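Only one structure is covered here, and it is reproduced in the block below.
For the single chain, residues carry numbers from 1 onward in sequence order. This is a predicted model, so every value here is computed, not measured.
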Amino acid sequence: MAETKNKQDIILKDFVNKFREWIKFILLKWYIFALAGLIGGVGGAIYAFLKRPVYLAETSFVLETGDKGGSMGQYLGIASMIGIDIGGGDGGIFQGDNLLELYKSHKMIEATLMKSSNSAPAKLLLHRYLDESKAREKWVSENLFLNDVDFKNKVQKNPKLQRGRDSVVNEAVKDIRENYLEVGKPDKKLSIIKVIFKSKDESFSKEFNDELVLRVNEFYIQTKTKKSLENVKILQHKTDSVRAVMNGAISSVATIIDVTPNLNPTRQAQRLVPTQRGQFSAETNKAILSQLLQNLELGKIALLKEAPLIQKIDEPIYPLKVEKVGKVKSIILGAIIFSFLSLFIITISKIITSIIENE
């Protein structure tokens, strides 16, 4: 037991001596750390000076998908009881995170990129992205003739240009989705959605954000109301057709009476049969028309129910919010990084020297 304790004491003593030796060695190299920190601080200041600021275009809006029941539930229930589908089903389309993913979809981002820039009408937003991201040089170096590509047309006459167009658009959509665009809910309990687009070009950030929000919201509303709108169109067409038939029957009865003003009493069949037939047709179509008008009004109510409310809360206005690296922060981080880097290099050098000396 005594020998074991002595060995532990010796090991601990050696460890303490080694630690003191390392501390002494590091303190003797203080000037190297100071010089490294100075270089890092200067580098951080240069980085902060040369780093272009990033402009944030931010839009927030509240989304209300409409009444899922309430006062109109009874009307929709009555219509469904008699076998009439006038829309108004919830369906869960674009609920929750689905709407957020719609903002990041290839379809919506590509459609936005194909919009002409307001500040530079001769350019698409895609061209603004290529200029801002410095991606044009990359594609030109890969023998893609961007000047010959008509990006507005999805189908190019030349297969090589078609491949080039698709490659540029796909890479642009991927890069924007990963590095430029942020979509989310500040609070999951609320229905507020925030869309942020950031780039080094202030006008490009605002234009892209405005166009993306406009396109996605329009697509969302059209998709949500598509079924109810189609039902209203069908009911309206049927209503107009039945009304036309009913008016025709009424007119035919009046025409028959006008044609036989002084009818022989023994020839009543010439007026009575066509007249009763026309009256029966008019009454039948009147009853059908009454039911169709009720269903049409219910369909219009369902259409109003399905139309979601999208109300903007905040939208980007000039000057945009700027996100940039602080000079003081850059200087401090640069000094710390270079100091630790010099410490790492000196430590590795000391270890290698000790190993060589022991050999």
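- Other residues, nucleotides and ligands contribute more than 12 heavy atoms inside 6.0 Å of the NZ atom of Lys115.
- Inspection of the Ser119 and Arg128 side chains reveals an N or O donor paired with an N or O acceptor under 3.5 Å.
- Atom NZ in Lys312 sits 10.0 Å away from atom OG in Ser60 (nearest 0.5 Å).
- Side-chain atoms of Asn170 and Asp166 include no donor-acceptor pair closer than 3.5 Å.
- Cluster annotation: Phe204 is not connected to Leu56 through the hydrophobic network of ILVMFWY side chains, with a link wherever side-chain heavy atoms come within less than 4.5 Å.
- The hydrophobic cluster containing Tyr180 also contains Val169, counting ILVMFWY residues as joined when their side-chain heavy atoms lie under 4.5 angstrom apart, directly or transitively.
- Distance check, rounded to the nearest 0.5 Å: CG of Leu235 to CG of Asn295 gives 6.0 Å.
- With rounding to the nearest 0.5 Å, the separation of OH in Tyr55 from NZ in Lys321 is 14.5 Å.
- Taking the side chain as every heavy atom from C-beta outward, Phe197 and Ile176 approach each other to under 4.5 Å.
- Transitive grouping of hydrophobic side chains (ILVMFWY, heavy atoms separated by less than 4.5 Å) keeps Ile39 and Ile337 in distinct clusters.
- Glu207 contributes no side-chain N or O that, together with a main-chain N or O of Leu125, makes up a donor-acceptor pair within less than 3.5 Å.
- Without hydrogens or angle criteria, Ser290 side chain to Lys286 main chain gives no donor-acceptor distance under 3.5 Å.
- Atom-to-atom distance recorded for Tyr103:OH and Thr112:OG1 is 10.0 Å, nearest 0.5 angstrom.
- Distance CD/Glu58 to CD1/Ile196: 4.5 Å, rounded to 0.5 Å.
- One distance of note links CG of Leu212 with CE of Met108; it measures 8.5 Å at 0.5 Å rounding.
- At most 12 heavy atoms of other shown residues, nucleotides or ligands fall within 6.0 angstrom of atom CZ in Phe344.
- In terms of heavy-atom proximity, Pro186 sits nearest to Ile192 at CD-O, 3.5 Å.
- Considering every non-hydrogen atom in both Ser205 and Ser199, the closest pair reads OG-OG, 2.6 Å.
- Criterion: ILVMFWY side-chain heavy atoms under 4.5 Å apart, direct or through other members. Under it, Ile332 and Phe340 are part of a common hydrophobic cluster.
- Of the residues Asn209, Asp210, Val216, the one that meets the side chain to side chain contact (heavy atoms under 4.5 Å, CB included) test with Val213 is Asn209.
- Only one option out of Arg215, Lys104, Arg165, Arg177 pairs with Glu110 in a salt bridge (charged side-chain N to carboxylate O under 4.0 Å, His left out); it is Arg165.
- Under the 4.5 Å side-chain contact rule for hydrophobic residues, Leu181 and Val54 do not share a cluster.
- In this structure, the side chain of Glu132 engages the main chain of Lys200 through a donor-acceptor pair within 3.5 Å.
- Aromatic ring pairs are classed by plane angle as parallel below 30°, tilted from 30° to 60° and perpendicular above 60°; the pair Phe151 and His127 is perpendicular.
- Residues Ile336 and Ser339 have side chains not in contact (no heavy-atom distance under 4.5 Å, counting atoms from C-beta outward).
- Across every non-hydrogen atom of Leu113 and Ala172, the tightest pair is CD1-CB, 4.1 Å.
- Between Gln294 and Leu298, every side-chain heavy-atom pair lies at or beyond the 4.5 Å cut-off.
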Given the rule in the ring pair (Phe, Tyr, Trp, His ring centres under 6.0 Å) test, do Phe208 and Tyr129 qualify, once you have shown the distances and angles that lead to the verdict?
CA-CA 10 Å; Phe208 192 96; Tyr129 160 78; 8.6 Å; no
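- Counting heavy-atom neighbours within 6.0 Å of Ile317 CD1, excluding the residue itself, gives a total of 12 or less.
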